[in-house]
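Just so we're clear, the structure is a prediction, and the values are computed from it rather than from any experiment. Order of appearance sets the numbers: ligands from 1, and atoms from 1 within every ligand. What's counted below: heavy atoms across the whole structure, side chains too, no hydrogens, waters or symmetry copies.
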Amino acid sequence: MEKEPSSWEDALRQFDKAAKLIDLDSNIYEILTKPKRIIQVSIPVRMDDCSIKVFEGYRVQFNDLLGPTKGGIRFHPQVSLDEVKALAFWMTWKNTVAGLPYGGAKGGVVVDPKKLSEIELENLSRGFIGAFHDFIGPEKDIPAPDVYTNPEIMAWMMDEFSRYEGHTVFGVVTGKPTEIGGSLGRLEATGRGGLFVLEEAMKRLKMRKAVVAIQGFGNVGESFASLLDRRFKIVALSDSKGGIYNKRGLELRKVKVHKEKTGSVLNFPGAKNITNRELLELKCDVLVPAALEKQITPKNANHVQARIVLELANGPVTTEAREILFKRKILSIPDILANAGGVTVSYFEWVQNKIAYAWKKEEVEEKLKEKMVTAFSDIYDVLEKYKVDMGTAAYIYSIKKMIKVLELRGIYKAGVCKPRM
Ligand code: GLU
């Protein structure tokens with residue numbers, strides 16, 4: 001059997017597919033598929049027992065043609081350069097899809113933050129800024145939360161950067177607490193943006209109600225679940241330890257209390273324990289992978305029983321799996337559209353920091369809705385025109401936008417240059 005592609009290989013595979021369909025110029029292909037900058041650092045951190053532990057960190061700034069680079073920082077034991085590169089590439093196209101004035105970047109530290117004390121976590125977060133200080137800033141590269149990073153960590157990072165600068169610089173990171181420059185509505189923005197596009201998809205498929213299964217109970221999965229109203233019935237939920245299923249529906253409020261008490265959703269009274277794999281193959285209308293990459297692959301894509309897959313995680317469905325789902329008439333709403341709500345409200349946060357003003361929550365939500373609905377409809381048009389899966393359509397849409405930017409900036413007039421002999 002063929003070896004499973006790495007995240008980066010799979011990211012390129014998806015890009016290649018779209019590039020072929022629009023006959024992308026080979027020079028432009030080269031420009032768009034090479035990261036502008038890869039920074040690898042070692043971050044020494046003083047631990048509680050006074051020893052020093054050195055953590056490996058990365059920041060990949062993939063492409064800054066549209067503005068400063070932007071994307072989260074992930075603290076996870078499985079972080080690798082390959083993964084961060086893929087995530088930075090996806091951010092580039094996500095920001096383009098959402099119509100934001102940003103390029104794409106991503107950062108990561110190889111660490112299991114659950115094993116760190118609060119002080120160690122703070123030391124690591126400040127250490128990250130120490131290591132990357134020269135490369136980030138509100139006009140250069142703007143980090144944000146991602147897997148296992150949160151507003152508290154962003155607060156420490158903003159504070160540390162401000163110490164280097166000698167004055168407070170709110171706009172250096174987004175996803176901060178609202179008391180110190182964070183935007184209202186940022187915490188649940190990824191989930192809310194996902195719900196806006198899901199509603200659009202349901203309109204197209206003439207669905208009024210939906211039975212939902214959600215993989216992942218972190219910031220994104222949990223806030224998405226909390227936003228669902230009576231049109232939706234959640235039958236399955238999971239976290240990193242496993243999942244629970246009840247075909248009559250799960251009461252979210254009670255699951256949250258249970259998770260708080262026991263540390264996991266597992267063994268929730270009245271529900272059946274299932275594995276994360278089993279969750280993906282359940283009978284439901286909407287399947288929401290909201291955890292990590294490569295969850296739906298050619299190995300299980302044929303067993304997915306949903307009508308819509310809402311890719312709230314980054315890279316949860318591989319390129320080949322998207323093709324299989326497409327052939328089976330399952331609409332997989334690609335990550336670079338489905339989860340773009342997070343970075344969109346990050347952008348609003350950055351704008352508010354620039355003008356030193358805080359918008360009302362309703363204003364943020366209204367602006368978010370406008371961006372998500374527009375992006376969905378633009379990409380759906382491409383899908384209908386090219387008769388391709390929505391992932392490929394999203395790439396065709398954003399690559400075309402980027403070609404225009406390249407032409408206008410005029411740096412690389414690929415294709416129009418005549419060799420001088
Ligand atoms: N980490 C989020 C993402 O993958 C948000 C990035 C941001 O807000 O910059 O889209």
Centroid separation Phe55 to Phe128 less than 6.0 Å: no

What protein heavy atom is closest to [atom], reported as residue, atom name and distance in Å?
| atom | result |
| --- | --- |
| atom 6 (C) of ligand 1 | Gly72 N, 3.7 Å |
| atom 8 (O) of ligand 1 | Ser346 OG, 2.5 Å |
| atom 9 (O) of ligand 1 | Lys70 NZ, 2.8 Å |
| atom 7 (C) of ligand 1 | Ala144 CB, 3.3 Å |

SB check Arg231 Glu199 (cutoff 4.0 Å): yes

Does at least one non-hydrogen atom of [X] fall below 4.0 angstrom from an atom of ligand 1?
| X | answer |
| --- | --- |
| Gly71 | yes |
| Arg186 | yes |
| Pro145 | yes |
| Lys94 | yes |

Which ligand 1 atoms does [X] reach within 4.0 Å, using its non-hydrogen atoms?
| X | result |
| --- | --- |
| Val343 | 7 (C), 8 (O), 9 (O) |
| Asn314 | 4 (O) |
| Asp146 | 1 (N), 2 (C), 4 (O) |

Option among Arg37, Arg59, Lys106, Lys70 that satisfies the salt bridge (Lys or Arg N to Asp or Glu O under 4.0 Å) test with Asp141: Arg59

Contact (N/O only, under 3.5 Å) between Lys106 and ligand 1: yes

Test: Lys361 cationic atom under 6.0 Å from Trp359 six-membered ring centre, within 45° of axis: no

Distance under 6.0 Å and angle within 45° of ring axis: Arg186 vs Phe348: no

Glu200 vs Lys203, salt bridge (Lys or Arg N to Asp or Glu O under 4.0 Å): CA-CA, chis, key distance, verdict: CA-CA 5 Å; Glu200 292 308 297; Lys203 273 188 219 157; 2.9 Å; yes

Ser264 and Asp239 side chains, donor-acceptor separation under 3.5 Å: yes

Short side-chain donor-acceptor distance under 3.5 Å, Ser7 and Asp10: no

